[in-house]
Peer 1: 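Below is a structure I'd like to ask you about.
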There are 2 protein chains.
Amino acid sequence: MKDVAAAAGVGLKTVSRVVNGEAGVSEATAGRVRAVIEQLGFRRNDGARLLRQGARTGSVGLLLEDVADPFYSQLSRAVEEVVRAHGSLLLTGSSAEDSARERELALGFCARRVDGLIVVPTSADHGYLAPETAAGTALVSVDRPMPGLEVDTVLADNRAGAVAGTAHLLRQGHRRVGYLGDAPDIFTAAERLAGYRQAMADSDCPVEEPWIAMGRPDPLGIRFALARMLTGPTPVTALMCGNNRTTVAVLRELAGRQEHPALVGFDDFELADLLAVPVTVVAQDPTLMGRTAAELLFRRLRGEPAAPQHIVVPTRLIPRGSGELPP
Amino acid sequence: MKDVAAAAGVGLKTVSRVVNGEAGVSEATAGRVRAVIEQLGFRRNDGARLLRQGARTGSVGLLLEDVADPFYSQLSRAVEEVVRAHGSLLLTGSSAEDSARERELALGFCARRVDGLIVVPTSADHGYLAPETAAGTALVSVDRPMPGLEVDTVLADNRAGAVAGTAHLLRQGHRRVGYLGDAPDIFTAAERLAGYRQAMADSDCPVEEPWIAMGRPDPLGIRFALARMLTGPTPVTALMCGNNRTTVAVLRELAGRQEHPALVGFDDFELADLLAVPVTVVAQDPTLMGRTAAELLFRRLRGEPAAPQHIVVPTRLIPRGSGELPP
DNA sequence: AGTGTCGAGGACAACGTTGTCGTTCGTGGC
DNA sequence: GCCACGAACGACAACGTTGTCCTCGACACT
């Protein structure tokens with residue numbers, strides 16, 4: 001900017017005025033300055049601007065488990081749209097379910113002075129973010145609650161969804177239903193497992209422990225779990241899958257086996273309706289969740305709600321065939 | 001930091017030294033300063049730091065069509081991994097194929113002084129980025145070349161892939177093959193269409209214009225296009241689809257129709273192998289493309305290659321069934 | 001005791017902006 | 001001719017850091 005001022009033969013402040021469209025510059029001068037700016041390819045340094053103004057940086061951080069997961073990538077897109085509508089930019093990071101990595105990214109974002117942070121928290125304590133919220137950084141937790149900090153939170157109705165999915169299978173006449181879910185220290189996984197147990201209990205169906213398999217969805221683990229569930233002395237006739245990754249892994253494994261148990265998946269996924277047996281799912285609305293979280297963040301930045309909000313987004317059972325198979 | 005210095009009863013610079021782990025501070029003082037930092041929840045303002053140092057900001061911008069598209073979300077994740085390995089942060093934006101929006105985002109990133117920009121360019125001229133590259137911002141174009149600017153570029157071998165996919169159908173005995181692709185002003189769409197035409201010509205198969213449908217993949221457009229291709233006087237017996245979105249839309253539309261033409265899709269997609277008729281695809285490697293682009297960016301930041309690099313990532317035909325159906 | 005040396009720590013400027021306040025100059029009214 | 005006034009513009013400080021250079025005291029050596 002100094003260079004521009006020198007080249008245009010005007011003062012520093014005049015260039016600043018032109019750049020910011022402020023009044024008090026004659027059209028002749030402004031034109032000359034603009035020409036020099038164009039010629040020199042000058043762009044204002046937002047870092048310095050923000051430093052001076054002490055204002056918002058116009059950027060928001062989004063921290064989730066994995067951008068490549070369709071659930072999160074849809075959520076991410078929804079967040080982006082809201083952020084964009086507010087004229088802000090979005091920093092994204094994948095925690096890969098590693099709390100150290102999450103923390104590192106979150107603090108990195110804060111060092112860049114993001115206005116707010118939208119986080120899909122890992123299960124570790126998030127007290128380290130307290131100074132940031134105290135310093136005015138808005139914080140919204142999405143998909144899971146944030147352990148160790150009272151913040152705005154947007155959750156799916158995991159338990160009710162799992163109850164609905166499991167109950168749907170039971171209504172088809174199944175009594176032995178298996179459950180495959182993510183690692184139980186993940187909030188959603190635990191909630192959905194609880195929903196499954198509740199639905200089973202509500203229908204007086206005792207649950208045998210071999211019917212339950214919890215863990216990060218890897219093909220081998222799924223294979224063993226399915227073998228145990230489907231070929232034991234009391235084989236299950238139906239499966240409830242706790243998330244899209246697991247559902248897909250199960251479908252892939254089932255494709256290589258003889259058994260064709262009924263199946264309901266938590267999370268909708270593309271092409272679920274086009275499979276040989278279309279897959280019944282308990283659909284979440286990642287777009288709505290992302291949008292809600294982002295809007296909550298900007299409401300918070302406007303200083304609107306006094307107490308932390310807790311919003312629960314309902315799920316929806318979509319019968320497509322796999323969940324309507326008889327025992 | 002001023003507050004920390006005051007509270008700890010030391011000078012500003014001493015706090016700075018502690019924060020940066022510089023020598024010249026006694027352990028006693030350093031401990032005291034660290035305690036105050038902890039207590040006050042102080043975090044260094046990276047904006048000011050970078051302003052002072054005039055150095056790299058440790059951030060990179062990624063601009064693509066749509067984070068929610070599985071192809072781009074995988075690419076995005078790969079970029080993120082490399083960026084993280086270099087200790088940088090990632091700003092992400094979706095252009096939604098809108099060049100004005102892309103430009104706005106790109107300039108926004110540059111105002112934040114990102115060290116580099118990885119872009120999936122729209123078809124508009126990108127000369128506006130010339131001043132940025134001149135100012136030292138690294139720039140890499142991925143998935144498509146960047147019109148109007150000579151930059152590092154990572155492309156898939158679109159034409160060869162489309163040739164391979166189309167030739168594969170022709171080898172099954174098809175002579176009338178239809179092509180459905182994205183809007184022809186998109187580089188990849190045009191390249192792949194050209195590959196299709198070339199393969200047809202190589203096998204002396206004349207192409208009739210109703211067999212070709214180019215445009216943004218919307219269900220209605222696909223429906224009309226398929227009706228035209230499949231029910232005209234010279235109906236096609238096979239389809240080549242130009243991208244994952246189109247392939248999925250076509251599959252969905254075909255599911256509601258009687259005809260079951262052979263089909264090869266450009267881009268692999270999850271569950272392609274689990275459909276009623278598993279889908280033969282020309283697979284790209286979005287992870288490799290993303291990683292390559294990001295590594296190129298950091299090489300450029302280290303000042304390594306003199307001239308802009310052009311890297312072409314090969315595609316791979318994966319026969320699964322749909323492409324092996326006879327006429 | 002005087003001098004040199006070294007470690008600890010502070011004062012100050014500068015990075016690129018913008019808010020505040022002042023200066024200059026032209027115009028219009030008396 | 002004088003003054004008031006407003007428009008156009010510039011000088012300067014400040015934002016939070018860090019690099020440079022300085023001071024101060026302790027200690028060892030002559």
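What you see below is based on every heavy atom in this structure, not just the backbone, and it leaves out hydrogens, waters and symmetry mates. Every chain is numbered from 1 and lettered A, B, ... according to where its sequence line falls, protein lines coming before strand lines.
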Peer 1: Taking the side chain of Met1(B) as heavy atoms from C-beta outward, which of dG9(C), dT18(D), dT18(C) is closest to it?
Peer 2: dT18(D)
Peer 1: Take the protein atom CZ of Arg112(A) and the nucleotide atom C1' of dT17(D), then report the distance between them rounded to whole Å.
Peer 2: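 Checked: the CZ to C1' distance equals 15 Å.
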Peer 1: Counting just side-chain N and O atoms, does Gln53(A) come under 4.0 Å of either OP1 or OP2 of dG19(C)?
Peer 2: yes
Peer 1: Measure the distance from CD1 on Ile37(B) to P on dT17(D) and round it to the nearest whole Å.
Peer 2: 10 Å
Peer 1: Taking CG from Leu12(A) and C1' from dT20(C), how many angstroms apart are they, rounded to a whole number?
Peer 2: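 Answer to the nearest Å: 15 Å.
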Peer 1: Rounded to the nearest angstrom, tell me the gap between atom NZ in Lys2(A) and atom C1' in dC12(D).
Peer 2: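 About 15 Å, once rounded to whole Å.
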Peer 1: Taking atom types as modelled, is there a side-chain donor on Glu65(B) or Ser95(B) under 3.5 Å from an acceptor on the other?
Peer 2: no
Peer 1: Judged by modelled atom types alone, do Thr57(A) and Asp115(A) share a side-chain donor-acceptor pair under 3.5 Å?
Peer 2: yes
Peer 1: Kindly point out which of dC9(D), dC15(C), dG19(D) is positioned nearest to the side chain of Arg17(A)?
Peer 2: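 When the side chain of Arg17(A) is considered, dC9(D) is the closest of dC9(D), dC15(C), dG19(D).
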Peer 1: Do any side-chain nitrogens or oxygens of Ser26(B) fall under 4.0 Å of OP1 or OP2 in dG7(C)?
Peer 2: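 No.
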Peer 1: So which one's nearest nucleotide on DNA chain C is more toward 5', Arg52(B) or Arg32(B)?
Peer 2: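 It is Arg32(B), whose closest nucleotide lies nearer the 5' terminus.
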Peer 1: Mind checking if Val19(B) touches a base, just sugar-phosphate, or nothing, with heavy atoms under 4.0 Å?
Peer 2: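 The residue Val19(B) makes no contact with any strand.
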Peer 1: For Glu22(A) and dG10(D), give me the distance from atom CD to atom P, rounded to whole Å.
Peer 2: 13 Å
Peer 1: Is the phosphate of dC9(D) approached by Thr14(A) (side-chain N or O, under 4.0 Å from OP1 or OP2)?
Peer 2: no
Peer 1: Is any NZ, NE, NH1 or NH2 atom of the basic residue among Arg144(A) and Glu97(A) found under 4.0 Å from an Asp or Glu carboxylate oxygen of the other?
Peer 2: yes
Peer 1: By nearest atom, which of the nucleotides dG19(C), dT17(D), dT18(D) is closest to the Ser16(B) side chain?
Peer 2: dT18(D)
Peer 1: Distance check: side-chain N/O of Asn45(B) vs OP1/OP2 of dC15(D), anything under 4.0 Å?
Peer 2: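 For dC15(D), neither OP1 nor OP2 has a side-chain N or O of Asn45(B) closer than 4.0 Å.
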Peer 1: Is it true that Thr153(A) and Ser141(A) share a donor-acceptor pair across their side chains at a distance under 3.5 Å?
Peer 2: no
Peer 1: Picking from dT18(D), dT18(C), dC15(C), which would you name as closest to the side chain of Leu51(B)?
Peer 2: dC15(C)
Peer 1: Which of these nucleotides, dG19(D), dT17(D), dT18(C), is closest to any side-chain atom of Asn20(A)?
Peer 2: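 The closest nucleotide is dT18(C).
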Peer 1: Give a yes/no answer on whether the side chain of Arg49(B) brings an N or O atom under 4.0 Å of OP1 or OP2 in dC15(C).
Peer 2: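 It does not, given that no N or O in the side chain of Arg49(B) lies less than 4.0 Å from OP1 or OP2 of dC15(C).
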Peer 1: Between dT17(D), dG9(C), dT20(D), which nucleotide has the shortest distance from any of its atoms to the side chain of Lys13(B)?
Peer 2: dT20(D)
Peer 1: Taking atom types as modelled and ignoring hydrogens, do the side chains of Thr29(A) and Ser26(A) form a donor-acceptor contact shorter than 3.5 angstrom?
Peer 2: yes
Peer 1: With the side chain of Arg113(B) defined as its heavy atoms from C-beta on, choose the nearest nucleotide among dT18(D), dG9(C), dT17(C).
Peer 2: dT17(C)
